[in-house]
Amino acid sequence: MTADSSKNERYNAREAEIRWQKAWSEQGIFATKNDDPRPKYYVLEMFPYPSGRIHMGHVRNYTMGDVVARFKRAMGNAVLHPMGWDAFGMPAENAAIDRKVHPKAWTYDNIAAMKKQLQSMGLSLDWAREIATCDPAYYKHQQKMFLDFLKAGLVERKQSKVNWDPVDQTVLANEQVIDGRGWRSGAEVEQRELTQWFFKISDYSEDLLRALDTLDRWPDKVRLMQKNWIGRSEGLLLRFALDPATTPNKETELEIFTTRPDTLFGAKFMALSPDHPLAQAAAAKNPKLAAFIEQCHRMGTAQAEIDTAEKLGFDTGIKAVHPFDANWKLPVYVANFILMDYGTGAIFGCPAHDQRDLDFVNKYGLGNTPVVCPPGQDPKTFVITDVAYDGDGRMINSRFLDGMSIEEAKEAVAKRLEKETRGNSPVAQRQVNYRLRDWGISRQRYWGCPIPIIHCEKCGVVPVPEKDLPVTLPEDVTFDKPGNPLDRHPTWKSVKCPKCYGPARRETDTMDTFVDSSWYFYRYTDPWIKTAPTDRKIVDEWLPVDQYIGGIEHAILHLLYSRFFTRAMHKTGHAGVDEPFAGLFTQGMVVHETYRAKNGDWIEPANVKIEGLGDARHAILASTGEPVEIGSIEKMSKSKKNTVDPDDIIAAYGADTARWFMLSDSPPDRDVIWTEEGVQGAWRFMQRLWRLIGEIAEIDAPKTRPATFGEPALVVRKAAHRALANVSEDIDKLRFNRCVAHIYEFANALSDAIGQIESAPAGDLAWALHEAGDILVRLFHPMMPHLAEECWAALGHKTLVATESWPKVEPELLVESTITLPVQINGKKRADVTIARDAEKSDIEAAVLALDAVKKALEGKSPKKVIVVPGRIVNIVA
RNA sequence: GCGGACGUGGCGGAAUGGUAGACGCAAGGGACUUAAAAUCCCUUGGGAGAUUUCCCGUGAGGGUUCGAGUCCCUCCGUCCGCACCA
């Protein structure tokens, strides 16, 4: 394309994008070599689940990662930027049930389709390292690590609850429980205990918590969420005596955990989890209690469901003895909001200072006694009715604790009860407790990584010998019935015990897909190695990931599990780092207006026409003209049909337009609203850049740099280098929306400069314009790589801009000799003062006081105070 | 229920505690054109005023400060996560 024709022709994105993608791929410029001597930089976006088509969220995520990858490459790094597929999971089995396709075929078809879509985006990925977690060549190593973790004591089997669908006779995921009912059968869900495999993540609670402080390139909110999730609390493990006359089997004590021992004198009741052994024992002798416990189990296992369910209790008749008063008896209830997983599964309730306990006593008429009095409140009149008080204050109604602060009271109670003994052990001991539970990885499903274990009646649980790995999934499975196809497969689970060679059966549970995604980024460093999950030398060179980018929805689980896995891999020798992700960025979602027809059906944006403006803005069905209701702006989802297909956008405007729009306007960590106008704006700017570069290409410029620059040339050069400095800093900090704004500003400045040229520009200006053009193209290259290549060629370069280095800023072009400072009087702007950049404070003060506006405001009086903030502002306090 | 965030013009947003509204979108006016599209130029937070001026204004209310969109407290609203969705 010549410069001359470029002036008149539109940039044909469709044609050019395919051409440049081919050029990149033929020259193999994005293939990463592990022996590349340059400084390594690992940029990674969360890999997609192969659902069938990429969505705009993917476009946003992968565009951001690609900008970083291209920028770091230009900065001289060896960049690892791989892609793969989180390919196991429920949707494949649902497709098998609904459409009678095999999960494997469905998954690989989807991968092929989505790979093609991703490639059309022009991402600078090293496809040679592509992995799919459903590939036995991948999960073989996962099984190996499971066995290594088992040997290292990081795996255990224990009982745990699942959602059970009594009609389909199958385990349900929380997602498959809708309003307490199974999504297919509609039956009321029950809780059921199963023996399952767990990774002992709780062994690392303290370490996972402490190391958060070292993750200084993670968002604070994510660190805070993880901290709260781990939930460290210091408290007291306290043994209450029970009145044996009231207990089912002469039990004599009940151990509870509390973080508020200071409130012991406000205790009104004890409460047990329905799964507590004492509750179970009591239920065995009390059919009404047994029925109550059964009722407690008639709900799903989701935390939100348990917490929002009505608080219910059942008085067991058992009496507990207050630790400070043998005559003080407390009723023991079974309550549906007490979890067996946390603490000891039993609590004492102090209703005045805990809202849940207060709701409970108000329901069962047990009353409350406030024991902490807020500052400024009269203890005599302080009462609690509906709202518990959980703030600071002084102890009241608490005998020997009265007058103490909460902390002093906690200490006093602990000291006293620690010393007291019953039997041979102390009544209480201090304990650090964590909310974090072990990671249950067993799933009663087909499409996942088989757990490499064999159950033998004689030998018990036997690991599959390493030579027999991978344990592969059988392909001849049926999905005509609910339940786990592996379990009902006629032959797959029958094996010989590796120890005694007797008949045995395979473990039919597969692993949680979070296991797959907890180490995929290790595998990318050497996806070819067959003998081990990782090559220690290579993995330690690349890890940790320098920049990880993905959705905020993964802030806790995926990231915490990956952090645990890193520790476990370190312990078992598969990696040498302590943290997997040095830098983390959580992007916002892509959202869109919703549209609804009169009959309530959701309508796709592609079928809607928007008319009118402001209050008159309304929507109609494009085909019939029928009115359509414009709904709220929501996350793009299939269910609300408010999706825009990236393929359609790329076909209409090109990948660069989609990429540019994704980076414009909204800050990357916030939601972005997809609008047709915004896309068109991006497209127009792309065309404008093309015209602008075409105009520069037409100008003849001297080959060598002029010795001096006149004012017009200097203006252009300053704009170019300021843009360069700003964009560089903002890409580095992933503030892509500001990069976009700086590029607009730069393009506007360049257009102005070119507009002012009347005849052929002088040599220095021509040179400066070409310099600016070269800088501009390299600045927008990470965002719009195809257009950048086309422009780079138009400017006469024979190289690929994708392999060019980042331009170097000339710092002397960034500083001005004079600056203009705003002048405030009592905090309100009243004037400006222009002064030498390096002026002394006293000079600035003198110049400011000489201003007419300041003299007028002061009315001849001298100012009370003059505040000079160098380079920023002057404020006069009159 | 628990945990986390967010709230600034008509819209998306910008603003190390220091000129609120950069940049874009939309709108209005103009140029070019037979016309349209495209492109280019100008205007655009609200109010008052004759330009160069003043007042108000960052969800609401308080506080800290010479100075608050930014920090602190209370409240209101919206969104996200909650351990078997990925």
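Chain identifiers are assigned alphabetically (A, B, ...) following the order of the sequence lines, protein sequences preceding nucleic acid strands; residue numbering begins at 1 within each chain.
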Determine: side-chain N/O of [X] to OP1/OP2 of [N], distance under 4.0 Å, yes or no.
X        : N      : answer
A:Arg684 : B:rC25 : yes
A:Arg437 : B:rA83 : no
A:Ser664 : B:rG24 : no

Look at [X] together with [Y] and state whether they make a salt bridge at an N to O cut-off of under 4.0 Å.
X        : Y        : answer
A:Asp438 : A:Lys200 : no
A:Arg691 : A:Glu695 : no
A:Arg184 : A:Asp98  : yes

[N] pairs with which nucleotide, Watson-Crick or G-U wobble, both distances below 3.5 Å?
N      : result
B:rU53 : B:rA48
B:rG10 : B:rC25
B:rG81 : B:rC2
B:rC40 : B:rG30
B:rA60 : B:rU74

Applying a 4.0 Å non-hydrogen cut-off, can you work out what [X] is touching in the nucleic acid: base, sugar-phosphate, or nothing?
X        : result
A:Thr675 : nothing
A:Gly678 : nothing
A:Pro667 : sugar-phosphate
A:Ala302 : sugar-phosphate
A:Arg735 : nothing
A:Lys828 : sugar-phosphate
A:Gln687 : nothing
A:Gly231 : nothing
A:Val869 : base
A:Gln196 : base
A:Phe685 : nothing
A:Arg356 : nothing
A:Val171 : base

From the options [options], select the nucleotide whose nearest atom is closest to the side chain of [X].
X        : options                : value
A:Ala173 : B:rC55, B:rA86, B:rC85 : B:rC85
A:Glu175 : B:rA86, B:rC85, B:rA83 : B:rC85
A:Lys221 : B:rG4, B:rC66, B:rA86  : B:rG4
A:Pro91  : B:rG81, B:rA86, B:rA83 : B:rA86
A:Ser666 : B:rA5, B:rA83, B:rG12  : B:rG12
A:Ile867 : B:rG1, B:rC66, B:rG81  : B:rC66
A:Asn228 : B:rC82, B:rG4, B:rG18  : B:rG4

Sorted by position of nearest nucleotide on RNA chain B, 5' first, the leading residue of A:Ile673 and A:Ile876 is A:Ile673

Walking RNA chain B from its 5' end, the first of A:Val162 and A:Met589 to be reached, judged by nearest nucleotide, is A:Met589

How about A:Tyr744 and A:Phe685: are their ring centres within less than 6.0 Å of each other?
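Close enough - the centres of the two rings lie under 6.0 Å apart.
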
The side chain to side chain contact (heavy atoms under 4.5 Å, CB included) partner of A:Val222 among A:Leu212, A:Leu584, A:Leu215 is A:Leu584

With A:Met46 as partner, the option from A:Glu553, A:Gln587, A:His554 fulfilling side chain to side chain contact (heavy atoms under 4.5 Å, CB included) is A:His554

Q. Just wondering, do A:Phe780 and A:Leu689 contact through their side chains at under 4.5 Å, heavy atoms?
A.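 Counting from C-beta outward, A:Leu689 and A:Phe780 do come under 4.5 Å.
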
Could you tell me how far [M] sits from [N] if I compare only their [atom1] atoms? Round to whole Å.
N      : M      : atom1 : result
B:rA5  : B:rC56 : C1'   : 31 Å
B:rC84 : B:rG13 : P     : 34 Å
B:rC85 : B:rG69 : C1'   : 38 Å
B:rC42 : B:rG49 : C1'   : 23 Å
B:rC2  : B:rC23 : P     : 45 Å
B:rU16 : B:rG10 : C1'   : 31 Å
B:rG46 : B:rG28 : P     : 16 Å
B:rC80 : B:rA27 : C1'   : 34 Å

Taking [atom1] from [X] and [atom2] from [N], how many angstroms apart are they, rounded to a whole number?
X        : N      : atom1 : atom2 : value
A:Ile441 : B:rA86 : CD1   : P     : 14 Å
A:Ile819 : B:rG18 : CD1   : P     : 15 Å
A:Tyr561 : B:rG81 : OH    : P     : 16 Å

Report yes if a donor N or O on one partner sits less than 3.5 Å from an acceptor N or O on the other, where the partners are the side chain of [X] and the base of [N]; otherwise report no.
X        : N      : result
A:Glu305 : B:rC82 : no
A:Gln680 : B:rC25 : no
A:Arg670 : B:rC6  : no
A:Asn174 : B:rC84 : no

query: Looking only at heavy atoms, which two atoms of A:Ile819 and A:Gly871 are closest? And how far apart?
result: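 Closest approach of A:Ile819 to A:Gly871, heavy atoms only: CD1-CA, 4.0 Å.
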
Flag this pair as yes if the NZ/CZ of A:Arg157 is under 6.0 angstrom from the six-membered ring centre of A:Trp197 and inside a 45 degree cone about the axis; otherwise no.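 Geometry flag: set, cation within 6.0 Å and 45°.
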
A:Arg10 charged N/C atom sitting above A:Trp690 aromatic ring, 6.0 Å / 45°:
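Judged by the rule, A:Arg10 and A:Trp690 form no cation-pi pair.
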
Filtered N/O pairs between nucleotides 19-23 of chain B and protein, under 3.5 Å:
from	atom 1	to	atom 2	distance (Å)
B:rU19	O2	A:Lys829	NZ	3.1
B:rA22	O2'	A:Glu745	OE2	2.7

Side chains of A:Asn748 and A:Arg688: donor-acceptor distance under 3.5 Å anywhere? yes

Self-check item: No-hydrogen, no-angle side-chain donor-acceptor test under 3.5 Å, A:Lys829 and A:Gln824
Solution: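 No.
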
Judged by whether its glycosidic angle lies within 90° of 0, B:rG10 is anti

